[in-house]
S.K.: 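Okay, handing you the structure first.
As a basis for the values below, the full set of heavy atoms in this structure was taken, side chains included, without hydrogen atoms, waters or symmetry mates.
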Amino acid sequence: MEMLDKLEKIFVPVAERLGKNKYLTAIRDGFLLTTPLLIVGSFFMLIANFPIPHWTEFWAQFFGENWTAFMSKPTNATFDIMAILAVLGIGYSFAGQLKIDKLAGAAVGVVAWFILMPFEVTDGDVTLSGIPLGWVGSKGIFVGIICAFLAVHIFAFVTKKGWVIKMPAGVPPTVTKSFAALVPSAIVMVVFFLINILFSLTSYGNAFDFVFLILQKPLMSLGNTLGAVLVAMGFQHLFWFFGINGGSIVGSIMQPILTPLSMENLAALGAGAALPNLVNQQFYDLFTTFGGCGSTLSMLIAMLIVCKSDRVKKLSKISFVPALFGINEPIVFGLPIVLNPLILVPFLLTPLVNILVSYFSMLSGLVPYCSGVNLPWTTPPIISGFLVTGWRGGLLQLILVCVGVMIYIPFEKMIDKQYLNEEKAAVEEEDDDISLDDLSFDDM
């Protein structure tokens with residue numbers, strides 16, 4: 001228990017600080033704005049590229065050879081502008097945390113971002129005026145995050161200094177807010193105008209190329225490694241062990257790195273090219289844990305197989321169906337997993353084994369790379385694996401769930417033995433108690 005106490009003293013304060021960090025919270029909330037739209041857009045891409053041989057040829061008989069182009073329109077309408085949505089969401093959330101007008105924060109974040117954007121589209125040797133879809137898609141996310149934070153910070157600073165136009169009483173609130181935002185918005189735009197001029201004087205030409213080459217590309221390369229995923233998943237589960245939502249904390253760091261990798265795969269899928277990235281958001285979400293953190297679906301199956309205590313049997317039956325859809329709070333806090341040293345080893349080990357097996361299965365070509373298609377996080381395993389990689393991905397998920405069961409069984413036996421002893425002691429204690437029902441006053 002001394003070691004557990006030491007770990008708790010180290011990780012709990014760190015996790016709490018990260019969980020309350022306004023920047024990470026804003027990034028998480030910003031991406032939540034894009035999630036439902038990306039999922040819907042992914043389904044259209046999935047229909048056009050369903051992992052069944054001769055799928056497109058079959059439907060081409062009825063809808064023509066160009067039917068997949070029509071199906072890709074909703075996908076393009078979401079994925080190609082995802083950075084705009086993310087910047088809106090981040091600016092809105094961050095403004096709320098700085099206690100200023102949230103809509104104004106979202107607006108100045110997007111405008112500041114567009115001020116830095118090069119309005120040029122190159123097609124071969126021809127350069128035309130326009131908004132480049134590459135920068136409003138996944139490639140522009142990092143610049144968008146920086147712009148949203150900086151623009152909202154400036155807006156909040158000016159507002160709290162009182163450098164605003166104040167309208168007389170009786171003016172409608174919407175008009176008052178609009179004029180109050182005028183000076184702070186102007187200062188934000190002037191600052192980013194000057195930043196844009198400075199970047200135009202460099203060899204990079206603009207802020208987008210600078211950030212992509214200096215920051216985003218190296219981070220994506222680092223995130224596309226086995227070591228990065230293992231470290232991220234390890235910390236995520238340590239946080240969960242101490243009762244803190246590790247997915248929320250680590251996900252806010254990893255999502256801006258992994259999402260562009262998924263977008264690259266999705267673009268390659270649509271173009272019929274080879275998928276470039278083994279590690280991406282779908283790999284991280286769908287092939288590392290099953291049933292929620294710790295791959296608790298494997299844990300529940302192990303419970304149903306070997307456990308005999310009433311407590312564990314009832315808990316496993318109640319928790320099994322939610323875990324199929326990735327909801328595992330009943331087992332995390334009901335067993336409990338939190339601060340339970342008996343379950344720490346398999347809870348950490350199982351996701352790491354899943355990562356290693358999945359990585360080398362895909363690296364060797366036994367299983368295709370994840371396509372980048374976004375699925376709802378509640379999609380059950382085997383089905384999710386089939387939809388993003390074909391039947392081999394579904395089979396791999398099934399194998400990993402079974403491997404996880406074997407890892408959990410010895411530890412579940414120890415926990416079950418402990419609970420059986422507790423239940424036996426509780427029964428004996430109950431038998432020893434004196435009940436008023438046993439008392440008789442007839443002889444008094």
Side-chain angles (χ1 to χ4, degrees), residues 7 10-21 23-32 35 86 138 141-142 145 215-265 276-296 298 326 328 332 337-338 344-363 369-370 372 374-375 377 381 384 388 397 400 404 407:
L7 288 172
I10 294 171
F11 284 103
V12 170
V14 172
E16 287 178 348
R17 284 197 294 270
L18 289 174
K20 295 176 181 177
N21 184 280
Y23 298 99
L24 294 180
T25 301
I27 292 172
R28 180 197 65 198
D29 294 347
F31 276 97
L32 285 175
T35 299
S138 60
I141 284 176
F142 272 72
I145 292 172
L215 178 63
Q216 185 169 351
K217 197 170 183 180
L219 282 175
M220 287 169 60
S221 299
L222 177 64
N224 194 12
T225 62
L226 176 62
V229 181
L230 288 171
V231 170
M233 191 59 62
F235 275 104
Q236 179 172 319
H237 282 77
L238 276 175
F239 289 143
W240 266 117
F241 179 72
F242 290 108
I244 299 161
N245 192 327
S248 176
I249 294 170
V250 177
S252 61
I253 299 170
M254 293 298 292
Q255 193 170 21
I257 298 171
L258 296 174
T259 298
L261 298 172
S262 295
M263 299 304 99
E264 290 181 1
N265 279 20
N277 301 309
L278 191 162
V279 175
N280 55 32
Q281 191 68 55
Q282 286 66 48
F283 176 89
Y284 192 83
D285 291 341
L286 304 178
F287 286 90
T288 57
T289 58
F290 309 103
C293 61
S295 206
T296 45
S298 296
N328 69 344
V332 169
I337 292 172
V338 174
L344 175 61
V345 171
F347 185 71
L348 288 174
L349 180 62
T350 305
L352 301 182
V353 170
N354 291 343
I355 290 171
L356 290 169
V357 174
S358 298
Y359 185 90
F360 288 107
S361 296
M362 293 181 182
L363 187 66
Y369 290 5
C370 296
N374 268 274
L375 299 177
W377 62 274
S384 61
V388 297
Q397 287 182 325
L400 291 175
I407 294 173

S.K.: Any heavy-atom pair between the side chains of M263 and N374 that's under 4.5 Å?
M.R.: yes
S.K.: With sequence neighbours excluded, tell me which residues meet ring pair (Phe, Tyr, Trp, His ring centres under 6.0 Å) with Y284.
M.R.: none
S.K.: For the atom pair CD (Q281) and CG (N265), what is the distance rounded to the nearest 0.5 Å?
M.R.: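 If I round to the nearest 0.5 Å, the distance is 12.0 Å.
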S.K.: Looking only at heavy atoms, what is the nearest atom pair of F287 and S358, with distance?
M.R.: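 In this case the closest contact between F287 and S358 is O-OG, 3.2 Å.
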S.K.: Which heavy atom of I257 sits nearest to which heavy atom of F142, and what is that distance?
M.R.: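 Looking at all heavy atoms of both residues, the closest pair is CG1-CZ, 4.2 Å.
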S.K.: Are L286 and C370 close enough that some pair of their side-chain heavy atoms sits under 4.5 Å apart?
M.R.: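 Side-chain contact under 4.5 Å: no.
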S.K.: Roughly how far, to the nearest 0.5 Å, is SG of C293 from CD1 of I337?
M.R.: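 It is 6.0 Å, given to the nearest 0.5 Å.
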S.K.: If every non-hydrogen atom of P346 is compared with every non-hydrogen atom of P351, which pair is closest and at what distance?
M.R.: O-CD, 4.2 Å
S.K.: Could you state the interatomic distance from CZ (F283) to CG (L258), rounded to the nearest 0.5 Å?
M.R.: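 Going from CZ on F283 over to CG on L258, the span is 10.0 Å.
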S.K.: Which residue is it: D285, V279, N280? I am looking for the one with a side chain to side chain contact (heavy atoms under 4.5 Å, CB included) to S262.
M.R.: N280
S.K.: Which heavy atom of N21 sits nearest a heavy atom of Y23, and at what distance?
M.R.: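 Looks like OD1-N, 2.9 Å.
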S.K.: Any side-chain heavy-atom pair from L352 and M233 closer than 4.5 angstrom?
M.R.: yes
S.K.: Quick one: pull up CG in L356 and OG1 in T288 and give me the separation to the nearest 0.5 Å.
M.R.: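 The OG1 atom of T288 is 11.5 Å from CG of L356, to the nearest 0.5 Å.
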S.K.: Quick one: sort the F235 and F239 rings into parallel, tilted or perpendicular, breaks at 30° and 60°.
M.R.: tilted
S.K.: According to side-chain hydrogen bond (donor to acceptor under 3.5 Å, both in side chains), who are the partners of T289, at least two apart in sequence or on a separate chain?
M.R.: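 T289: no side-chain hydrogen bond (donor to acceptor under 3.5 Å, both in side chains) contacts found.
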S.K.: Without swapping roles, check the side chain of S295 against the backbone of F290 for a donor-acceptor pair under 3.5 Å.
M.R.: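 Judged by distance alone, yes, a pair lies under 3.5 Å.
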S.K.: If every non-hydrogen atom of F241 is compared with every non-hydrogen atom of F347, which pair is closest and at what distance?
M.R.: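 Heavy atoms of F241 and F347 come nearest at N-CE2, 4.1 Å.
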S.K.: Should T225 and Y359 count as side-chain neighbours, where that means a heavy-atom distance under 4.5 Å?
M.R.: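 No, too far: nothing below the 4.5 Å cut-off.
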S.K.: What closest approach, in Å, do L230 and I355 show between heavy atoms, and which atom pair accounts for it?
M.R.: CD2-CG2, 3.7 Å
S.K.: List the residues meeting side-chain hydrogen bond (donor to acceptor under 3.5 Å, both in side chains) with S384, not counting sequence neighbours, and say none if there are none.
M.R.: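 With neighbours one apart ignored, the set is Q397.
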S.K.: In Å and rounded to the nearest 0.5 Å, what is the CD to CG distance from Q282 to L261?
M.R.: 10.0 Å
S.K.: Begin with the C-alpha distance, continue with both residues' side-chain angles, and end with the deciding distance and a verdict on side chain to side chain contact (heavy atoms under 4.5 Å, CB included) for W240 and L348.
M.R.: CA-CA 10 Å; W240 266 117; L348 288 174; over 6 Å; no
S.K.: Could you give me the CA-CA distance, side-chain angles and deciding distance for L278 and L226, then say whether side chain to side chain contact (heavy atoms under 4.5 Å, CB included) is met?
M.R.: CA-CA 9 Å; L278 191 162; L226 176 62; over 6 Å; no
